[in-house]
Amino acid sequence: MDGTGSQPSGRLPRRVHLGYALGSLVTGAFGTVPGLLLLPYLTDTLGVAAGAAALLVLLPKAWDVLVNPVAGRISDRTRSRWGARRPYLLGGGLALAVLFAAIFAAPFGAGPAAGAYVAVAFLATATAFAFFQVPYVAMPAELTGDPAERTRLMSWRIAVLALAILVSGAVAPAVVTAGGDGVPGHRWMGLFVAALIVAGAVGVFLGTRSTPTGTVGESEPSLRAQLAVAGRNRPFRALLVCFVVQSAGVATVLAGVSYFAGQVLRAPEAGPTLLFACFVGPALLVMPLWTRVGARVGKRAALVVASLLFAAGALALVAAPALPAAGVYAVVALIGVGYAGQQVFALAMLPDCIAYDTVRTGRRQAGVFTGLWTAGETFGLALGPGIYGLVLQLSGYVSSSTGVAADQPAGARLGVLLGFTILPALLVAAPVLLLRAYTLTPAQLAAGPPQQPAATAGA
């Protein structure tokens, strides 16, 4: 199959739902573990100052703002017997696994050279991830023309994503501890996550091998032209800005887990694993409920509800120092319920924006939109730890090269708390106001593409 056939419609087989969803093992692991462990790895194992560590985490992923649209353009133009997208699922995924393990190899020990090495390795890893993620996110708009079926496809994907986040986010800190903490523990953790990425890349490549991928059209020739295409799609523009800001909010929570567990809960070993279990575990249970909510009230309204639920839980955590541990974990579970809905509806609305653009222009350019989307998401996920690291720096956080966090002053502990609660609440709640510009209706999506004028005689 060359990936240039007509777009299929109707329901997809369950094996396609599951096969496509397996790619979330890759996106979940890479989207979670660096945001969770890279900042504390730099500050508490390599001895990098919090402000410098924030830049080392932010800048390599900000590079993807340029790389992701390029990856989308390249995959749009690819023609192979495996289709336009699938070669990158395998090649990009395997390269990502090797480079991820290299991030935590620590060949230079601790200090400035070690920090510089992490930045370079992280840059290479982020580039490999772009060539996996962009084709992966582009596929749903080409797998089916049915908006409801895209929601079902996203529900499977988000369910596996939640499982990947739970496994990678909860187990990775435990692997660090079991491996002896410090540099040795992080090396073992890098290998563990690399194996998870390999499983996801091979799984999605094989799981979508017999699936038609619809029409893959020509892409715009430059980043400027791609931005112009996206700028003319008002619903996409509103959804993208909202999701980027919300991704930064989610990423501040991820970046703060280890710090919050150690400095607020006083549970540096078991705390991160329990926090992740409470955050992601409920998401696996409520996913069918969110799907029904979306069917009843619409995707946009459901996204607003989920976002406000997330923000309310984060604000409630300001009282964490006065709450029993069980109460803190219960509130984190509430945040996880909101996070599940926020993810599923944003990702279900993206293919609708792509389909709407096809209806409006008659051109299918999924790679353009998903390239910009993943660039924005990656930037948001990098911005979160960057902001959190800046908060730590301003609040006086003390770095360490021992593999164990140093004793912190009261101001630093307050910074840890506020960066984990009020900051993500604002970043997730405020951008829902932008969704007033998202006005897509089922009727608009059901309309056919513009009719081409018939050729005149003798033309």
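What's counted below: heavy atoms across the whole structure, side chains too, no hydrogens, waters or symmetry copies. Quick note: residue numbers are just sequence positions, from 1.
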Go through the structure and list residues passing ring-ring contact (aromatic ring centres under 6.0 Å, His included) with Tyr117, not counting sequence neighbours.
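Only Phe108 meet the ring-ring contact (aromatic ring centres under 6.0 Å, His included) criterion with Tyr117.
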
Pairing residues for Phe260 by the ring-ring contact (aromatic ring centres under 6.0 Å, His included) criterion, not counting sequence neighbours
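Residues passing ring-ring contact (aromatic ring centres under 6.0 Å, His included) with Phe260: Phe420.
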
Mind checking the [atom1]-[atom2] spacing from [X] to [Y]? Nearest 0.5 Å is all I need.
X	Y	atom1	atom2	result
Gln343	Ser24	CD	OG	10.0 Å
Leu383	Leu427	CG	CG	8.0 Å
Leu315	Ile335	CG	CD1	9.0 Å
Phe345	Leu303	CZ	CG	8.0 Å
Lys299	Leu239	NZ	CG	10.5 Å
Leu274	Tyr329	CG	OH	4.5 Å

Kindly give the heavy-atom pair with the smallest separation between [X] and [Y], and that separation in Å.
X	Y	result
Val257	Pro272	CG1-CA, 3.8 Å
Pro424	Leu418	CD-O, 4.4 Å
Leu37	Ser258	CD2-OG, 4.1 Å
Pro173	Ser168	CD-O, 4.2 Å
Leu417	Ala320	CD1-CB, 4.5 Å
Val331	Ala316	CG1-CB, 4.0 Å

Side chain to side chain contact (heavy atoms under 4.5 Å, CB included), paired with Ile422, selected from Val318, Thr252, Leu317
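Filter result, single survivor: Val318.
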
Can you list everything that forms a side-chain hydrogen bond (donor to acceptor under 3.5 Å, both in side chains) with [X]? Sequence neighbours excluded, please.
X	result
Gln246	Ser307, Gln342
Thr32	none
Thr127	Trp63
Thr43	Tyr259

Taking the side chain as everything from C-beta on, heavy atoms only, tell me whether [X] gets closer than 4.5 Å to [Y].
X	Y	result
Val337	Trp290	yes
Val26	Val204	no
Phe122	Leu56	no
Phe310	Val253	yes
Trp373	Leu347	yes
Phe192	Val33	no
Leu99	Ile103	no

Geometric class of the Phe100/Phe30 ring pair [parallel <30°, tilted 30-60°, perpendicular >60°]:
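Rings of Phe30 and Phe100: perpendicular, over 60°.
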
Taking it one step at a time, do Phe132 and Thr27 satisfy side chain to side chain contact (heavy atoms under 4.5 Å, CB included)?
CA-CA 9 Å; Phe132 175 90; Thr27 60; 3.9 Å; yes

If the condition is side chain to side chain contact (heavy atoms under 4.5 Å, CB included), which residues does [X] pass it with, not counting sequence neighbours?
X	value
Val297	Val293, Ala301, Ala302
Ala164	Leu25
Leu191	Ala101, Trp188
Ala251	Leu381, Pro385

Answer yes or no: is there a donor N or O on one side and an acceptor on the other, between the side chain of Tyr88 and the main chain of Gln133, under 3.5 Å?
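Not a single qualifying donor-acceptor pair exists.
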
Under the 3.5 angstrom rule, does the side chain of Tyr388 hit a backbone N or O of Val416 as a donor-acceptor pair?
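Yes, because the side chain of Tyr388 sits within donor-acceptor range (under 3.5 Å) of the backbone of Val416.
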
With a 3.5 Å cut-off and sequence neighbours excluded, list the donor-acceptor pairs that the side chains of residues 275-287 form with protein atoms.
none

May I have the step-by-step check of side chain to side chain contact (heavy atoms under 4.5 Å, CB included) for Phe104 and Leu38, ending in yes or no?
CA-CA 9 Å; Phe104 297 94; Leu38 191 54; 4.1 Å; yes

Please tabulate, one pair per line, all N/O donor-acceptor pairs under 3.5 Å involving side-chain atoms of residues 429-437, not counting sequence neighbours.
unit_1: Arg436; atom_1: NE; unit_2: Leu433; atom_2: O; d: 3.1

